[in-house]
Protein chains: 2
Amino acid sequence: MAATGTIFQHGTLGLLVPGLFDGTITAGALLKHGDTGIGTLAGLDGEVIIIDGHAYQAREDGQIREIAADETLPFASVHFEKPDISDQLQALSQADFETQVVRDYRLTNVFAAIRIDGHFKHIKTRVAPRQQPPYKTLVEATSTQPEFSGDDVDGTIVGYYAPHLFQGATVGGFHLHFLSADHQLGGHLLGFEIAKATLKVQHFADFHVHLPIDNEAYLQEQFDNQTIDHAINKAER
Amino acid sequence: MAATGTIFQHGTLGLLVPGLFDGTITAGALLKHGDTGIGTLAGLDGEVIIIDGHAYQAREDGQIREIAADETLPFASVHFEKPDISDQLQALSQADFETQVVRDYRLTNVFAAIRIDGHFKHIKTRVAPRQQPPYKTLVEATSTQPEFSGDDVDGTIVGYYAPHLFQGATVGGFHLHFLSADHQLGGHLLGFEIAKATLKVQHFADFHVHLPIDNEAYLQEQFDNQTIDHAINKAER
């Protein structure tokens, strides 16, 4: 299986679960590890979409803006884009897409980056609402959050497939964000239907996690794996 | 928290659980990523202890020998030794050691390498017995395995502490191997009592996993996280 590069992940999805929303890496430092990826800003402030070396924030008010180099993130995954698969997709539901991609490109136990550029019949996103300290848990913070949707949208889906063994460290399975071509619609992807699009898949043999071991709240937290698993399934799918 | 370097892990502990014991990295390639660490050989053939750039195998017959560069491993973790903590220990049980080290050096959510050189009042190890294909599961393969022990032994404990969130990818908590100074006793550490020893701890912010994505058995396996969790707790503690 062709595989190039490394997925670099700052933090764990698990640390968001009890509400460790402090920013512990700058966007500038993050982009040294990749030009494509996803994440969230300090305070769980929206959804981050990184495409072609530019990091964007989808905000809870529906606005999308580019992130400055000195803004910070508690969690993000990035890689340098170099897909080993390219394919044309047409009239495909999210469920069929996920089944086909896992099967055709043998993703089950492999980390992969997913990018889909094209025309979507339907897109539905949500955006995490900005939190203030003392932070609530991830499930509480995302229990009410704005959802956005559009029909006949041009744009880009970007994100990852991770082996389910890594649930907790990251999201096991698909974790996808969206940004429309006109920057009017974006966020964490809840649903989509592809009209006509180009799929790029990049397989990785290498997954690199960087932990915020100078963050006092991180060092002190008593994590519980089962709580994390349930919270990810509730808040990130 | 001072942190230097990266833990490089080839494979996952999880892949050993259903019996994926094929060697997928050579010892020579592994040692390019570190001079210190632990692992097992192809076929679950014994316990690997890597110290000062040399990789040793503790075999089920009790013999210890150096591993050649072309021998292969399904799973191993290595790092370049550069401890940020050094401490003198005296008259310490395993339980007290583990409690103190996690508390004093704040390991709970941090990857760390542990090395203890000195004199041990008691050492108890076990050594996984070499398997032949078709491979049994890890729990079956280790259900009967030789144990070794010694009193008043000079030697080295080497291994890792990993955050419990990474259980499955690796062993959550401590995973320690032992090699006596005279190379007469070694293996996966089941128990120890320190008489007088030097402890070195190296904290890591970075954990790098390399997956064997060209191994057909790995690609095809349907892993189950709960099975893996239980098997690690049974076979690796």
Across chain B and chain A, what donor-acceptor pairs are shorter than 3.5 angstrom?
| unit_1 | atom_1 | unit_2 | atom_2 | d |
| --- | --- | --- | --- | --- |
| M1(B) | N | D214(A) | OD1 | 2.4 |
| R106(B) | NH1 | E216(A) | OE1 | 3.1 |
| R106(B) | NH1 | E216(A) | OE2 | 3.3 |
| R106(B) | NH2 | E216(A) | OE2 | 2.6 |
| N109(B) | O | Y218(A) | OH | 2.6 |
| N109(B) | ND2 | Y218(A) | O | 2.7 |
| N109(B) | ND2 | E221(A) | O | 2.8 |
| H164(B) | O | N225(A) | ND2 | 2.8 |
| A205(B) | O | L211(A) | N | 2.7 |
| D206(B) | OD1 | H208(A) | NE2 | 2.7 |
| D206(B) | OD1 | H210(A) | ND1 | 2.9 |
| D206(B) | OD2 | H210(A) | ND1 | 3.2 |
| F207(B) | N | V209(A) | O | 2.9 |
| F207(B) | O | V209(A) | N | 2.8 |
| H208(B) | ND1 | H208(A) | ND1 | 3.4 |
| H208(B) | NE2 | D206(A) | OD1 | 2.7 |
| V209(B) | N | F207(A) | O | 2.8 |
| V209(B) | O | F207(A) | N | 2.9 |
| H210(B) | ND1 | D206(A) | OD1 | 2.9 |
| H210(B) | ND1 | D206(A) | OD2 | 3.2 |
| L211(B) | N | A205(A) | O | 2.7 |
| D214(B) | OD1 | M1(A) | N | 2.3 |
| E216(B) | OE1 | R106(A) | NH1 | 3.1 |
| E216(B) | OE2 | R106(A) | NH1 | 3.3 |
| E216(B) | OE2 | R106(A) | NH2 | 2.6 |
| Y218(B) | O | N109(A) | ND2 | 2.7 |
| Y218(B) | OH | N109(A) | O | 2.6 |
| E221(B) | O | N109(A) | ND2 | 2.8 |
| N225(B) | ND2 | H164(A) | O | 2.8 |

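Both the backbone and the side chain of L219(B) come within contact range of chain A, each with at least one heavy atom under 4.5 Å from a heavy atom of that chain.
Residue with the most contacts toward chain B among L211(A), L107(A), I7(A), L165(A): L165(A) (heavy-atom pairs, distance under 4.5 Å).
Applying the ring pair (Phe, Tyr, Trp, His ring centres under 6.0 Å) criterion to F166(B), with sequence neighbours excluded, gives F111(B), F207(B).
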